[in-house]
Amino acid sequence: MLNIKVLLEAAPAAVQETLDQDTVDYLSSLIEEDPNPATLRDAAEPFLADAGMSDADIDAMFAKLSVKDDDPDGSAKCVQVKPVLLPQAVVVSVPPPPPPPPASSYVPAQAPKASDPASHQPEAKKKTPAAAAVPAAVERPVVQAFSQQSRFHTETLVTLSKEIDLKGVNVIVDNRELIVDARLWLKTGYHYGMIGRNGTGKSTLLSVIGDGSLVGFPENIRTLYIQQLDILDVGTTVIDSVLAADEQREKRVSDARSIEAAIKSPGALHEALEVHILRLANEKLTAAQKTATLRSGRRGRNAREVALKMEKTVISDIREKLYRGGKTDSDVASSVLDTLYSELDQMDAHSAEARARAILDGLDISEEQQNGPVSALSGGWRMRVALAKAMFVEPDVLLLDECTNHLDIAAIAWLQNYLASLDNITIVCVSHDHDFLNAISQEIIRLKDRQLTYHPGNYDEYEQTEDEFRKKKERQFAALERRREHVKKSIENYTRHARTTNDSKALNQAASRKKKLDRLAGLDKTEDGKRFKRSYWAGFHETQRPELKLERAEKGVDFSLPQPEALRNSGPLVTLDGVSFGYSGRPSLTLKDIDLNIMMGDHISLIGLNGCGKSTLINIIQGNLKPTKGDVERHARLRIGYYTQHFVDDLSTEILSGLRVLMNANDNVKESEARKWLGSFELSGDLATRPIHTLSGGQRARMAMALMLFSNPHLLLLDEVTNHLDMHAVQGLITAINEYEGTVILVSHDRHFLRETADFNYLLQDGMLTQLDGGVDEYVESIGMGF
């Protein structure tokens, strides 16, 4: 039978000595009260962890006790408050989620053959072709985010300042460390641009700040996280989307409406009250769990005891308080409604819709658009609605993740000017748009080597400062090496002289020079110009000074664009002669009388507002659409590679690895060739064999390019190819396109990217195609937005 003695015997000896008598007595009382092993595991784990036991040690200990582990992956780091289950009578049935979208048409997801070399990869499990064709439900990764906590104070729960300064920030995804012991420092009202390689954890960091899962983040600081791929619920109206941004108000309004609607039905009224009780219980449990997580020592133990007790009694306590004195459901409903109305009055909820409409009016969103669905808006207008949500909830920190993706140049111009005008809101923006970061950033945050570093100025100033700092380090390193070589030669000369003459003074000189050589491991001065002292460098070290290390420039992404094979004649690849196109049901033509000759080696950009017909023209060039009027001629041996802006979204549900997808689509390719090809896009090793849906947005974008380019096309149609790519990947793509001898047609809203790659720029406006001699800057000036 399980008792405290058996539990302690299973623990390591060092842990037995660490546990104090109060803890032992507490665990003993828990065992006597409830001998359920699962409950004991939840209660004992925090104390065992504080005593120095790792997750693996705890798992091994409970394995000895033959206790089934409720957390087999070891993801729980603290006391986890179990969800409170509603009584069966009030459980609301939820419709099943819609089936996942089918696999991308260009990459059939088939089960690997047993004889196939890549079938030995972890994800290649045996399955029937039917099962392989439809992706299984994508599992969400386990994310842990926490920071250094104070033991004796509560300032990590609530802070009077709007400035954020968290030390020891750690972010771990599926046991993979993305950020380790970093400092998160956001000054009030500053606008930050965040940069870093794809997959380093930028989006993950913003998401854990935005959803409140970063342990230690001050609770009183309001945040709003806007991510590009899931900005809004497109099925709701614009005004409802803005109102729903205030979650606290929405919870109370929902409870009040449910109770009001059920007043005349006793059964429905009881269910509505139970839903309200459950919401209050979950809020209390969440608050108690956060307190227990943040505190340590005796205060932490007391908080954990409160959380464990509340877990068992919170619903009954709330119900007893509401129904005290023999009250009926009608009496309780009246009391609850009074409380809800009072809380809503304190939130000024009665004026919420008026405030929301005033904000939308200020963003030039008409009343018709406000009452219409979000799905009817283009990407630029949806971003305005997302910003209206931010203004409505008045966050202290606004988090923007790739907010310029799918926006046209005019929308980006409006957005950057608007964000630059926000003075009292701290903004952290992840973006790949060079010009956009220059316009909005007051400081750059770089995520590199699992650390956050801060650099004053915009992106251009950051690059200039980093380049100057790197050159300074190189000069210091070269000068230090010259001094070291001089001292080494003098040591050799003194040693040689001492051996030939037996001169003890020469040996002393050589020993003295050796000490000087040890000091020359680092500089005489610190970074801030002070003379170096050993007291500045605490701890034991093998050298007398910190070694001077060169910080090399980050290696760029070397995109491998295969040069196309030569065609026999030198005529146009594609000729458009008087091409017009109109969609059925629309009164006007999308494209009108377009003439265009596309020659081998041309680098062409198509510029225009969203919805003007750029993608339509691309599809006509490729052959997916036939023109309503006019002719399209293509070279007989022409191969076309088409990258659409939706490829990355399609790959987000792909359960196969990139290696498997590439080999499935090309029967004759060997595994070694496929690995080499993916490696040229920085998708080597684990990135090539992991399921594609587990890759970051930028890594999936590179995967889509690798799959498209494997056929060695003559003509590349790149529609928003820079979306999701980091700065280094964009620069690598610019270099690759400039070296590519084939033809490229670009649709992009990244002004820097177009300036560097396009030789011919065309504006598509009102269905007409006209050439811009002044390039993208001519278009920027024409829309009245100077940068």
Side-chain angles (χ1 to χ4, degrees), residues 106 198 432 434 555-576 596-607 614-615 617-618 621-623 634-645 647-648 662 666 669 673-674 676-683 698-699 701-762 771-772 775-776:
Y106 68 98
N198 290 134
H432 67 271
H434 187 284
K555 180 183 178 182
V557 179
D558 184 15
F559 281 102
S560 179
L561 296 185
Q563 298 298 341
E565 60 185 28
L567 298 175
R568 291 183 179 179
N569 58 51
S570 58
L573 298 182
V574 181
T575 300
L576 278 66
L596 182 64
N597 287 328
I598 302 174
M599 305 297 293
M600 189 68 168
D602 285 351
H603 290 181
I604 299 171
S605 73
L606 299 178
I607 302 171
K614 299 186 298 295
S615 296
L617 180 56
I618 289 289
I621 293 173
Q622 189 193 18
R634 301 177 189 85
H635 194 285
R637 300 180 58 190
L638 176 65
R639 288 195 302 271
I640 299 177
Y642 184 23
Y643 179 102
T644 76
Q645 54 187 316
F647 271 11
V648 177
L662 183 59
N666 301 274
V669 66
E673 295 175 355
K676 182 178 180 181
W677 177 257
L678 294 177
S680 66
F681 291 83
E682 291 198 348
L683 296 169
Q699 290 164 346
R702 296 205 299 271
M703 182 66 71
M705 286 199 63
L707 298 174
M708 175 200 67
L709 292 169
F710 194 76
S711 62
N712 193 14
H714 304 93
L715 171 60
L716 300 181
L717 305 176
L718 305 181
D719 190 355
E720 295 294 357
V721 69
T722 60
N723 284 357
H724 309 290
L725 296 181
D726 60 46
M727 292 290 192
H728 297 282
V730 171
Q731 189 58 46
L733 183 59
I734 289 173
T735 302
I737 289 176
N738 289 335
E739 295 175 353
Y740 182 61
E741 297 176 0
T743 301
V744 183
I745 298 181
L746 302 165
V747 175
S748 177
H749 301 127
D750 187 328
R751 290 152 283 169
H752 175 72
F753 178 69
L754 293 181
R755 289 191 203 102
E756 296 295 322
T757 55
D759 298 323
F760 305 98
N761 299 272
Y762 289 89
Q771 186 169 355
L772 297 173
V776 65

Reported CD1-to-CZ distance for the pair Ile607 and Arg751, which is rounded to 0.5 angstrom: 11.5 Å
State, without any angle test, whether Thr743 and Asp602 hold a side-chain donor-acceptor pair at a distance under 3.5 Å. no
I need the single residue from Val747, Leu746, Thr757 that forms a side chain to side chain contact (heavy atoms under 4.5 Å, CB included) with Leu718. Which is it? Leu746
My understanding is that only one of Leu754, Val744, Leu716, Ile745 makes a side chain to side chain contact (heavy atoms under 4.5 Å, CB included) with His603; could you say which? Val744
Just how far is it from atom CG of Leu606 to atom NZ of Lys614, taken to the nearest 0.5 Å? 8.0 Å
Are His752 and His432 side-chain neighbours, meaning at least one heavy-atom pair lies under 4.5 Å? no
State, to 0.1 Å, how close Tyr642 and Gln622 come at their nearest heavy-atom pair, and which atoms those are. CD2-OE1, 3.0 Å
For the side chain of Glu739 and the backbone of Gln563, is there at least one donor-acceptor N/O pair under 3.5 Å apart? no
Heavy atoms, side chains only, cut-off 4.5 Å: are His714 and His635 in contact? no
Answer whether the closest heavy-atom distance between the side chains of Ile737 and Phe753 falls below 4.5 Å. yes
With a 4.5 Å cut-off on side-chain heavy atoms, are His749 and Thr722 touching? no
Using every non-hydrogen atom in the two residues, find where Val721 and Met705 come nearest and quote the distance to one decimal. CG2-SD, 3.7 Å
Reported CE-to-CG distance for the pair Met703 and Leu683, which is rounded to 0.5 angstrom: 4.5 Å
Hey, does Glu565 have a side-chain heavy atom less than 4.5 Å from the side chain of Arg639? yes
In short, Leu662 meets Phe710 closest at the heavy-atom pair CD1-CG, 3.8 Å
Contact summary for Ser748 and Asp750, nearest pair of heavy atoms: OG-N, 3.1 Å
Where do Pro713 and Pro564 come nearest, in terms of heavy atoms and distance? O-CB, 3.6 Å
Salt bridge (Lys or Arg N to Asp or Glu O under 4.0 Å) partners for Arg634, two or more places apart: none
In sequence, state the C-alpha distance, the side-chain angles, and the governing distance for Asp719 and Ser615, and then conclude on side-chain contact (heavy atoms from CB on, under 4.5 Å). CA-CA 7 Å; Asp719 190 355; Ser615 296; 3.0 Å; yes
Of all heavy-atom pairs linking Tyr740 and Leu715, the shortest is OH-N, 4.4 Å
Does Val669 reach the side chain of Trp677, with side-chain heavy atoms less than 4.5 Å apart? no
